[in-house]
Asks: 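Take this structure first; my questions come after.
The sequence lines fix the lettering, A, B, ..., with proteins before strands; numbering per chain opens at 1. Just so it is clear, the structure is predicted and the values come from calculations on it, not from any experiment.
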Amino acid sequence: MYVAVKGGETAIANSWRLLAESRRGDPAVPELTLAQIAGQMPLAVARVMGEGSLYDPELAALAIKQAAGDLVEAIFLLRAYRTTLPRLAATQPIDTSRMQLQRRISAAFKDLPGGQVLGPTYDYTQRLLDFSLAADGVRPEAAVAAEPVSASMPRVTDLLGHEGLMQPESPAAGDPDPVDLTREPLDFPAGRDSRLQNLARGDEGFLLALGYSSQRGYSNSHPFAGEIRQGDVEVELVPEELGFAINIGDITVTECQMVNKFIGSEDTPPQFTRGYGLVFGGSERKAMAMALVDRSLRARELGEPVKSPSQDEEFVLYHSDNVEASGFVQHLKLPHYVDFQSELELIRKLRAEHARKDKAA
Amino acid sequence: MPERRHWMAILARASREELEAAWSSLESPPAYQWLRRPETGLAMVRARAGGGGAKFNLGEASITRCTLRTADAKTGVAYILGRDRRRAELAALFDALLQDETTRPRIERDVVFPLAARQAAASTNASRKAAATRVDFYTLVRGENP
């Protein structure tokens, strides 16, 4: 336990000033603008929006600037800001099958309707430092095809679904509204809606490590990247004063459908099942990790033995949030003087007793 | 409502500069009063497990909304992504003008159609750049096959 302390006001105020100066860096170098961060570090912005759980590229850029590039701190800033805004609406579920695609690949089918579209990916780069970027004035230009990508790009999982090979995903009876973890505490056993919301805002590093562990044998997972797609989806909501759905703009998302073999059970024939990942912005690694962990967490519902960390929903869902994790780890820096004093006295007393016993022996 | 849905979608995607330019080019901009002043808040973005399954909450997005009434008693509404109150105000004004049979043809011709054309062109251009990265993988024959 930590205790309240008084004093240090001047030191704290001066530490803020020092922080501001060190964040600014060399004043001879031009200051970063939010447009530069949002425009030239879109993947950092995507991570902050996703885990900050607030889609707003400009605010995410501000948070990154204020946090001096510490993305977990920036996520914390965005989460804190969202608590100051009223909730005005919930949107209609976004329809990723109607995405305006920037990228769409499948590692399961090579010839899929609509084709494989690589988009802006690091996958086929050589990971050699590009020193031309150290110089100013490089104006790269993308190639432009004669025709746009096909307007109709069926999801790979829907193609498998037509043959009955893929476990269907359908809304529950009455299509109930989902649990909202920003308003209700996490409850166990957790439904898929709670789990997916938790994972969507969960820490990329944590989910990446868990997903990796599931591939290395810490759960019975044999995944294929059935489909990954990235692009813009329309956001629609029904304003109370209108009573019909209107389109309020587009957001960029990345979706991953992991396809996993399922050997079947007494009442289910062998089929494929899926793990689902969906995140704001271009966050492919996170979407893939989320899909792996989502599939692992479905063990209970599919009657698979639960014996690995990635299948343990309490372990996963209680430790995925980097704002909570960072807060609890970093609270150790707060004054624990009284606690430590009592521990110190206890250890001294025990040592004294130990020495007495030694002497007596 | 399909027409109104259509123009509201176009207005929601227009930049503030575009809407300001369109507004300042009006010969007789209407007087109006607020029914709800521009207000920024959050919309919880929902999605579906596996794309088509049970609903879940993906995360929130900032939105701005407002409602106003013009002197001709037309009610303009705007809900847009982001935090730009002026952009919401202008979108609601054009929504009101488009409901008026006398002003609609001109607003459609001068504002909605050009915005729609620009948005469609931008979207097609982005899609053509993506299409240039379309690839045909072919698998190599392995091992002892002839």
Side-chain angles (χ1 to χ4, degrees), chain A residues 50 53-56 59 82 85-94 96-97 100-103 110 115-119 142-145 147-149 155 157 169-172 175 177-178 180 192-193 196-197 200-201 235 237 239 241-242 244 246-251 255 257 274 276 278 280, chain B residues 1-2 4-6 8-13 35-36 39-65 67 75 77-84 91 95 119 123-139:
Chain A
S53 207
L54 176 60
Y55 195 98
D56 189 316
L59 286 180
R82 71 156 282 283
L85 293 176
R87 172 79 63 81
L88 303 181
T91 73
Q92 305 288 94
I94 55 175
T96 53
S97 71
Q100 154 108 36
L101 292 165
Q102 296 157 4
R103 169 167 167 79
K110 82 183 160 68
Q116 310 249 4
V117 177
L118 298 181
V144 183
E147 295 294 323
V149 294
R155 293 193 195 99
T157 43
E169 295 263 12
S170 41
D175 200 11
D177 281 347
D180 185 355
R192 187 96 182 275
D193 52 350
L196 288 171
Q197 186 182 9
R201 47 198 265 136
V235 181
L237 54 78
E241 56 269 67
L242 293 181
F244 58 88
I246 59 164
N247 190 318
I248 63 167
D250 304 307
I251 61 173
E255 179 186 60
Q257 306 258 13
R274 75 186 102 187
Y276 189 62
L278 184 68
F280 286 152
Chain B
M1 284 303 137
R4 191 167 179 206
R5 265 175 55 83
H6 177 70
M8 288 181 92
I10 303 292
L11 293 170
R13 286 173 173 74
L35 298 181
R36 171 148 56 204
E39 174 188 21
T40 295
L42 302 169
M44 176 55 89
V45 178
R46 288 187 174 154
R48 291 189 179 279
K55 287 192 270 200
F56 71 97
N57 290 310
L58 175 62
E60 287 161 314
S62 60
I63 63 167
T64 301
R65 69 174 175 188
T67 309
T75 303
V77 175
Y79 276 72
I80 57 169
L81 282 173
R83 288 166 296 114
D84 190 335
D95 178 48
Q119 291 169 15
S123 149
T124 302
N125 189 41
S127 188
R128 285 171 60 198
K129 287 180 183 174
T133 68
R134 212 186 121 153
V135 67
D136 294 310
F137 289 115
Y138 51 93
T139 41

Asks: Test side chain to side chain contact (heavy atoms under 4.5 Å, CB included) on A:L242 and B:R5 and set out the steps.
Replies: CA-CA 10 Å; A:L242 293 181; B:R5 265 175 55 83; over 6 Å; no

Asks: Could you tell me which portion of B:R13 (side chain, backbone, both or neither) has an atom closer than 4.5 angstrom to a non-hydrogen atom of chain A?
Replies: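 Interface part for B:R13: side chain.
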
Asks: Which heavy-atom pair separates A:P86 from B:E39 by the least distance, and what is that distance?
Replies: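 Scanning both residues completely, I find the closest heavy atoms to be CG-OE2, 4.3 Å.
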
Asks: Quick one: which of A:R274, A:Q102, A:Q100 has the most heavy-atom pairs under 4.5 Å with chain B, could you say?
Replies: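 Highest number of pairs under 4.5 Å: A:Q100.
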
Asks: For the residue pair B:V45 and A:T91, what are the closest heavy atoms and their distance?
Replies: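 Looking at all heavy atoms of both residues, the closest pair is CA-OG1, 3.4 Å.
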
Asks: Picking from A:A200, A:G50, A:S97, A:G249, which has the most non-hydrogen pairs under 4.5 angstrom with chain B?
Replies: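 With the most close heavy-atom pairs to chain B, the winner is A:G249.
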
Asks: Just so I know, are the side chains of B:M44 and A:R87 near enough to count as touching, which here means a heavy-atom distance under 4.5 Å?
Replies: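 Side-chain contact under 4.5 Å: yes.
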
Asks: Between A:T157, A:D56, A:I246, who has the most heavy-atom pairs with chain B when the cutoff is under 4.5 Å?
Replies: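 Of the candidates given, the most pairs with chain B belong to A:D56.
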
Asks: Among A:I251, A:D177, A:V235, A:L101, which residue forms the greatest number of heavy-atom pairs with chain B at distances under 4.5 Å?
Replies: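 Max contact count across the listed options: A:D177.
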
Asks: Can you name the nearest heavy-atom pair linking B:F56 to A:P178, along with the distance?
Replies: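 Looking at all heavy atoms of both residues, the closest pair is CA-CB, 3.7 Å.
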
Asks: Output the option from A:E147, A:Q92, A:R201, A:R103 having the highest count of non-hydrogen pairs under 4.5 Å with chain B.
Replies: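 Among the listed options, the one with the most contacts to chain B is A:E147.
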
Asks: Is any side-chain heavy atom of A:E241 less than 4.5 Å from a side-chain heavy atom of B:T75?
Replies: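 SC-SC contact between A:E241 and B:T75 ruled out.
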
Asks: Do A:R82 and B:L42 come close enough that some side-chain heavy atom pair is under 4.5 Å?
Replies: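 They are in contact (side-chain heavy atoms under 4.5 Å apart), so the answer is yes.
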
Asks: Are side-chain heavy atoms of B:E60 and A:L85 found at a separation under 4.5 Å?
Replies: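 Side-chain contact under 4.5 Å: no.
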
Asks: May I ask you to decide whether B:K55 forms a salt bridge with A:D193, counting only side-chain N to carboxylate O separations under 4.0 Å?
Replies: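 Result for this pair is no, no salt bridge flagged.
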
Asks: If you look at every heavy atom in A:T96 and B:G51, which pair is closest and at what distance?
Replies: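 Distance-wise, the nearest heavy atoms are OG1-CA, 4.1 Å.
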
Asks: Verify side chain to side chain contact (heavy atoms under 4.5 Å, CB included) between A:L237 and B:I63, making sure each step is shown before the conclusion.
Replies: CA-CA 11 Å; A:L237 54 78; B:I63 63 167; 4.2 Å; yes

